[in-house]
Amino acid sequence: DKGEYRHFMLKEINEQPRVIKATMEGRVTESRVLEQALGTEAGDLLKDVRHVQIIACGTSYHAGMVARYWIEDLAGVPCSVEVASEFRYRKHVIQKDTLFLCISQSGETADTLAALRQAKKAGFRAALAICNVPGSSLVRESDLVIMTQAGPEIGVASTKAFTTQLTALLIFTLALARKNGLSEEREADIVKALHLVPGQVSDVLALDGEIAEISKRFMDKNHALFLGRGSQFPVALEGALKLKEISYIHAEAYPAGELKHGPLALVDSEMPVVTVAPNNSMAEKLKSNLEEVRARGGELFVFADRAADVKPEENTHVVLLPEVHEITAPIVYTVPLQLLSYHVAVLKGTDVDQPRNLAKSVTVE
Ligand code: M6R
């Protein structure tokens, strides 16, 4: 039931404050991740993990890419991320004491399951699933499970599944990091920041009107570029995927530093450039990338934190977001990009919940 909403996608975008909170419930206190957050056997299985291999597809793969930044930063454990359809068809080396982590909303994605089954034969320490569907094949075949509490996701374009996956992945990272020397203070700082996320997402949802207004600038465009740095690069990838899926506008995402290594050649007044620029350590560097785009007449759409100090100028639209912790920023910054693609699709009159050629669950190769 869509309730008051015109589309399931919009309903699901708006459910995010609640479902992110639900995914934290029973897993964190005010300032700590609970020992039992990942189940009773987790302690032993995580103890000697020396490497994490993440496997997923589509949006879930983007969640895995964000997690890699967290796992290496906070736990100091090397982490590799690969799309399932690539992993399953190449020869790979599974290092000793690898935790195999599959991320899937449905738990039935054929390539992800095939990768898991193959890796099981090759031998690894344990299989952890992050999944939204209890009783799915992925959940049944994994040793440890963190269920996201997104509730049923009907829109083919994944929204609330992604932000709850990120929530679960951050909780997992903290549990792993604690076994690898993360200080109590740093853990408390991040858990407290996580508690602020549902409220910050609500604040972003309140910007809906402003985002709907700028979405008009995309209606007659054929292409768009998304830029982000660090853990915001996967957020840019996810923003581009959403725009492609539901508005059929060709969109590509780049780490902002790659701009001058090629894609800058595409930038002109017909190429809108969307940037996610929270006030993290990368903001200053990102600003020079923005200059490069502006100098070529490109129209810029910047989603930034007040403290990033990006000023609206000619051809530059700035949407100010709440101040967020650097670690939790990818969760919050995903939401305005969901709204942007939603409004572009509505303006273009596409079938938002059932985009052409796509299925909700890809159970065949
Ligand atoms: O159910 P899964 O998370 O395994 O699905 C993976 C992808 O098929 C899925 O995320 C797809 O990319 C979505 N349509 C993205 O919006």
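Worth saying up front: this structure is predicted, and the values here are computed from it rather than measured. Counting starts at 1 for both ligands and their atoms, in listed order.
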protein heavy-atom neighbour closest to atom 1 (O) of ligand 1 works out as S106 OG, 2.7 Å
Please determine if L241 has a nitrogen or oxygen closer than 3.5 Å to a nitrogen or oxygen of ligand 1. no
Are L340 and V324 grouped together when hydrophobic residues (ILVMFWY) are joined by side-chain heavy atoms under 4.5 angstrom apart? yes
Under 4.5 Å between side-chain heavy atoms, hopping through other hydrophobics if needed: is there a path connecting L113 to V362? no
I'd like to know if D220 and K348 make a salt bridge, using a cut-off of under 4.0 Å between side-chain N and carboxylate O. no
Subset of ligand 1 atoms that lie under 4.0 Å from at least one heavy atom of K242: 15 (C), 16 (O)
Distance under 4.0 Å to a non-hydrogen atom of V156: what atoms of ligand 1 satisfy this? 13 (C), 14 (N), 16 (O)
N/O separation below 3.5 Å, T109 to ligand 1: yes
Determine whether a donor-acceptor pair (N or O, by modelled atom type, separation under 3.5 Å) exists between the side chain of T29 and the backbone of S31. yes
Using only atom types and a distance under 3.5 Å, with no angle test, would you say the side chain of S142 pairs donor to acceptor with the backbone of V139? no
Specify the protein heavy atom at minimum distance from atom 10 (O) of ligand 1: its residue, its atom name, and the distance to 0.1 Å. T59 N, 3.1 Å
Can you list the atoms of ligand 1 that are under 4.0 Å from a heavy atom of A157? 16 (O)
Could you check atom 8 (O) of ligand 1 against the protein and tell me its nearest heavy-atom contact, residue, atom and distance included? V362 CG2, 4.0 Å
Neighbour count above 12 (heavy atom, 6.0 Å) for K21 NZ: no
Pair D351 + R356: basic N to acidic O under 4.0 Å: no
Is the ring pair F301/H317 parallel, tilted or perpendicular, if the boundaries are 30 and 60 degrees? parallel
Using distance alone, decide if ligand 1 has a nitrogen or oxygen within less than 3.5 Å of any nitrogen or oxygen in S60. yes
Protein heavy atom at shortest distance from atom 16 (O) of ligand 1: E245 OE1, 2.6 Å
When distances are taken from atom 7 (C) of ligand 1, the protein heavy atom at minimum range is C57 O, 3.7 Å
Could you say whether the N/O atoms of S104 and ligand 1 ever approach to under 3.5 Å? yes
Would E108 count as a contact residue for ligand 1, given that I'm defining contact as a non-hydrogen atom of the residue lying under 4.0 Å from a ligand atom? no
N/O donor-acceptor pair under 3.5 Å between R50 side chain and V77 backbone: no
